[in-house]
2 protein chains.
Amino acid sequence: MSRVSTSRFSTELVRSCTDLVVLALLRNRPMYGYEILVNLADRGNGEFEFQQGTLYPLLYRLEREGWIAGSWETPTTGKRRKIYSLTAEGQKAERARSKEWTRFTRAVESILEECNHE
Amino acid sequence: MSRVSTSRFSTELVRSCTDLVVLALLRNRPMYGYEILVNLADRGNGEFEFQQGTLYPLLYRLEREGWIAGSWETPTTGKRRKIYSLTAEGQKAERARSKEWTRFTRAVESILEECNHE
DNA sequence: CGACATACTATGCGGCGCATAGTATGTGAG
DNA sequence: CTCACATACTATGCGCCGCATAGTATGTCG
């Protein structure tokens with residue numbers, strides 16, 4: 001782990017799309033918190049090494065918003081865990097955010113290119 | 001103007017790259033605050049309609065950081081204005097952020113695609 | 001001269017990532 | 001068996017920054 005010197009800039013980047021990324025992950029299949037943490041760390045080339053203090057409050061927020069729903073699982077072996085899955089609302093939200101994200105990044109790109117070529 | 005109901009999501013998106021966008025703009029040529037405001041509103045399909053309360057503090061911060069330098073212009077006609085231009089440090093910062101931004105968005109895209117196809 | 005655009009300054013709120021700390025159960029090496 | 005470590009969730013407070021809001025002051029144009 002050992003999150004090396006997170007710059008403010010990368011913090012702001014992460015902050016801009018935590019919701020989106022988690023919602024997208026849950027489109028695949030329901031997951032519990034810790035599983036999401038590990039999954040994100042594996043993908044995304046180390047850009048998404050969420051702290052627990054980032055993820056869990058985020059999950060509470062998404063649940064409060066009605067976009068995900070959690071249910072406790074008490075397996076025969078292993079620790080109890082809260083499994084989160086996308087609601088119908090959440091699926092809609094994910095699609096909307098995904099589109100908005102694409103539109104926005106295109107706008108940024110056009111500004112960057114324009115300014116780097118003249 | 002009349003910024004219609006800015007959603008939290010788009011606020012977070014904007015927040016993630018205000019520095020980058022302004023630095024990129026100033027790569028072209030020096031500009032004063034109000035000019036930047038208008039320029040950004042024109043490009044980027046309405047994604048960057050900064051409030052004054054967003055831009056000016058941002059400029060102060062970038063100046064404090066040593067990335068831009070401001071000098072007062074008192075034209076024969078018209079209002080006095082503070083012209084900001086990129087410093088050498090600022091150019092380096094712009095390039096670095098630009099790269100980081102690209103790397104990051106690629107990571108997000110890969111997560112989005114992966115999750116939308118399975 | 002009054003309305004509106006131009007142009008900058010100043011202050012405070014609110015949301016959220018992160019740091020930090022705490023709780024508690026499961027597992028595996030010795 | 002026990003101690004270290006991984007797993008898994010809960011809780012609290014700080015700090016940054018976009019935004020809202022308000023204020024000041026000089027141009028321009030009908």
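- Residue Trp72(A) contributes atom CH2, which lies 11 Å from atom C1' of dA24(C) at whole-angstrom precision.
- If you check every strand for non-hydrogen atoms under 4.0 Å, Gln52(B) touches a base.
- Rounding to the nearest 0.5 Å gives a distance of 9.5 Å between NZ of Lys92(B) and OG1 of Thr87(B).
- In this structure, CD of Glu73(A) is placed 10 Å from P of dA8(D), rounded to the nearest angstrom.
- Between Thr54(A) and dC18(C) there is a side-chain N or O to OP1 or OP2 distance below 4.0 Å.
- The distance from atom CD1 of Ile36(A) to atom CD1 of Ile68(A), rounded to the nearest 0.5 Å, is 6.5 Å.
- Proximity of Gln51(B) to the phosphate of dA20(D): a side-chain N or O atom is located under 4.0 Å from OP1 or OP2.
- Residue order along DNA chain C, read from the 5' end via each residue's closest nucleotide, puts Glu35(B) first among Glu35(B) and Arg64(A).
- Separation of the Phe104(B) and Phe48(A) ring centroids falls under the 6.0 Å cut-off.
- When distances run from any side-chain atom of Thr18(B) to the nucleotides dA7(C), dC17(D), dG18(D), the shortest one goes to dG18(D).
- Phosphate contact (OP1/OP2 of dT9(C), side-chain N/O of Tyr60(B), threshold under 4.0 Å): present.
- Each of Arg15(A) and Lys82(A) was assigned the nucleotide of DNA chain D with the nearest heavy atom; the assignment lying further toward the 5' end belongs to Lys82(A).
- Nucleotide dC18(C) holds its P atom 11 Å from the CD atom of Glu49(A), rounded to whole Å.
- Within the 4.5 Å cutoff, the side chain of Arg61(A) has heavy atoms near those of the Asp19(A) side chain.
- Set against dG27(D), dT7(D), dG18(D), the side chain of Lys79(A) has dT7(D) as its closest nucleotide.
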Residue pair Glu94(B), Arg27(B): steps toward the salt bridge (Lys or Arg N to Asp or Glu O under 4.0 Å) verdict: CA-CA 8 Å; Glu94(B) 193 276 336; Arg27(B) 276 199 68 170; 3.3 Å; yes
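- Ranking dC18(C), dA8(D), dG15(C) by closeness to the Val14(A) side chain, first place goes to dC18(C).
- Between the CZ atom of Phe50(B) and the C1' atom of dC17(D) there is a distance of 12 Å, rounded to whole Å.
- Distance, Glu12(B) CD to dG17(C) P: 7 Å, rounded to whole Å.
- Remark: P of dC8(C) and CE of Met31(B) are 13 Å apart, rounded to the nearest angstrom.
- The shortest distance between the side-chain N/O atoms of Thr11(A) and the OP1/OP2 oxygens of dC16(D) is not below 4.0 Å.
- When the side-chain nitrogen and oxygen atoms of Tyr56(B) are compared with OP1 and OP2 of dT9(C), none of them lie within a distance under 4.0 Å.
- The CD1-P distance, from Ile36(B) to dT6(C), rounds to 15 Å in whole Å.
- Checked by distance alone, Arg61(B) brings no side-chain donor or acceptor within 3.5 Å of a matching partner on the base of dC17(D).
- One interatomic measurement links the two molecules: CZ of Arg81(B) to P of dC8(C), which rounds to 8 Å at whole-angstrom precision.
- Phosphate proximity of dA7(C) to Tyr32(B): present, with a side-chain N or O under 4.0 Å from OP1 or OP2.
- The phosphate of dA7(C) (OP1 or OP2) has no side-chain N or O of Arg80(B) nearer than 4.0 angstrom.
- With hydrogens and angles ignored, the 3.5 Å screen pairs no side-chain donor or acceptor of Glu113(A) with any backbone N or O of Ser110(A).
- Among the heavy atoms of the strands lying under 4.0 Å from Gly33(B) are primed sugar atoms or P, OP1, OP2 only; no base atom is included.
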